[in-house]
Amino acid sequence: MAKKAASKRKPNAAFMKPVQPSAVLSEVVGSKPIPRTEVTKKLWAYIKKNDLQDSKNRRNINADDKLKEVFGGKRTVSMFEMTKLVAGHLK
């Protein structure tokens, strides 16, 4: 009997399935369908690049004009609330 090679942990298929960002979200992450994991990475890259993380409470994101539309008009959201709001912009 041949020994089975140790398999690498497979990522969850649901996270890897490309999703279509809404027109509002595509201004931040691009308009091509990309996996949810990439949406999150690009969103955080945008937040860090534009220094939108709150300086006192690092869990809060201060929205600029583009993100304010994604966040439903809110100026400040927590990082946990952000994932919920962004999910509404993915198809």
Side-chain angles (χ1 to χ4, degrees):
M1 233 157 76
K3 213 174 185 187
K4 192 179 154 198
S7 64
K8 233 173 131 187
R9 187 169 167 249
K10 286 191 180 125
N12 185 336
F15 285 124
M16 300 314 286
K17 192 178 106 192
V19 289
Q20 180 64 53
S22 69
V24 175
L25 184 60
S26 67
E27 289 190 22
V28 179
V29 298
S31 58
K32 291 190 177 90
I34 54 174
R36 286 177 186 273
T37 52
E38 284 299 309
V39 171
T40 306
K41 279 183 194 172
K42 288 183 179 211
L43 207 51
W44 273 106
Y46 180 84
I47 289 166
K48 286 191 172 28
K49 186 180 96 179
N50 294 299
D51 198 31
L52 300 175
Q53 208 169 356
D54 192 80
S55 56
K56 292 183 187 79
N57 185 350
R58 304 292 289 164
R59 284 187 291 193
N60 287 343
I61 311 302
N62 297 318
D64 62 1
D65 292 335
K66 286 183 184 177
L67 281 183
K68 193 174 179 185
E69 289 184 44
V70 175
F71 295 163
K74 293 185 178 180
R75 253 290 157 223
T76 305
V77 297
S78 73
M79 57 177 64
F80 306 109
E81 193 181 1
M82 177 184 78
T83 52
K84 187 174 82 175
L85 292 168
V86 167
H89 288 276
L90 301 172
K91 292 181 193 109

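Computed from a prediction, not measured in an experiment: that's the story for all the values here.
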4.5 Å side-chain heavy-atom contact, Trp44 and Val39: no

If I take atom CG from residue Asp54 and atom CE from residue Met79, how far apart are they, to the nearest 0.5 angstrom? 10.5 Å

Separation of Leu43 CG from Ile61 CD1 (nearest 0.5 Å): 8.0 Å

Looking only at side-chain N and O atoms, does Asn60 offer a donor or acceptor that is under 3.5 Å from a partner on Ser78? no

Work out which heavy atom in His89 is nearest to a heavy atom in Leu85; give both atom names and the distance. CD2-O, 3.3 Å

Nearest heavy-atom pair of Val19 and Pro21: which atoms, and what distance? O-CD, 3.4 Å

Once you round to the nearest 0.5 Å, how far does NZ of Lys17 lie from CD1 of Ile34? 14.5 Å

Student check: side-chain heavy atoms of Val29 and Val86 closer than 4.5 Å: no

Between CE on residue Met82 and OG1 on residue Thr76, distance to nearest 0.5 Å: 13.0 Å

Please check this pair: side chain of Ser31 against backbone of Glu27, looking for a donor-acceptor N/O pair closer than 3.5 Å. no

So, for Lys66 and Val24, which heavy atoms are closest and what is the spacing to 0.1 Å? O-CG1, 4.4 Å

Mind checking the CD-CZ spacing from Glu81 to Phe71? Nearest 0.5 Å is all I need. 8.5 Å

So with a 6.0 Å cut-off around CZ of Arg59, is the heavy-atom count from everything else above 12? no

Main-chain N/O of Ala63 paired with Arg75 side-chain donor or acceptor, under 3.5 Å: yes

Salt bridge between Lys41 and Glu38, side-chain N to carboxylate O under 4.0 Å? yes

Apply side-chain contact (heavy atoms from CB on, under 4.5 Å) to Asn62 and Gln53, showing your working. CA-CA 6 Å; Asn62 297 318; Gln53 208 169 356; over 6 Å; no

More than 12 heavy atoms of other residues, nucleotides or ligands under 6.0 Å from CG of Asp65: is that the case? no

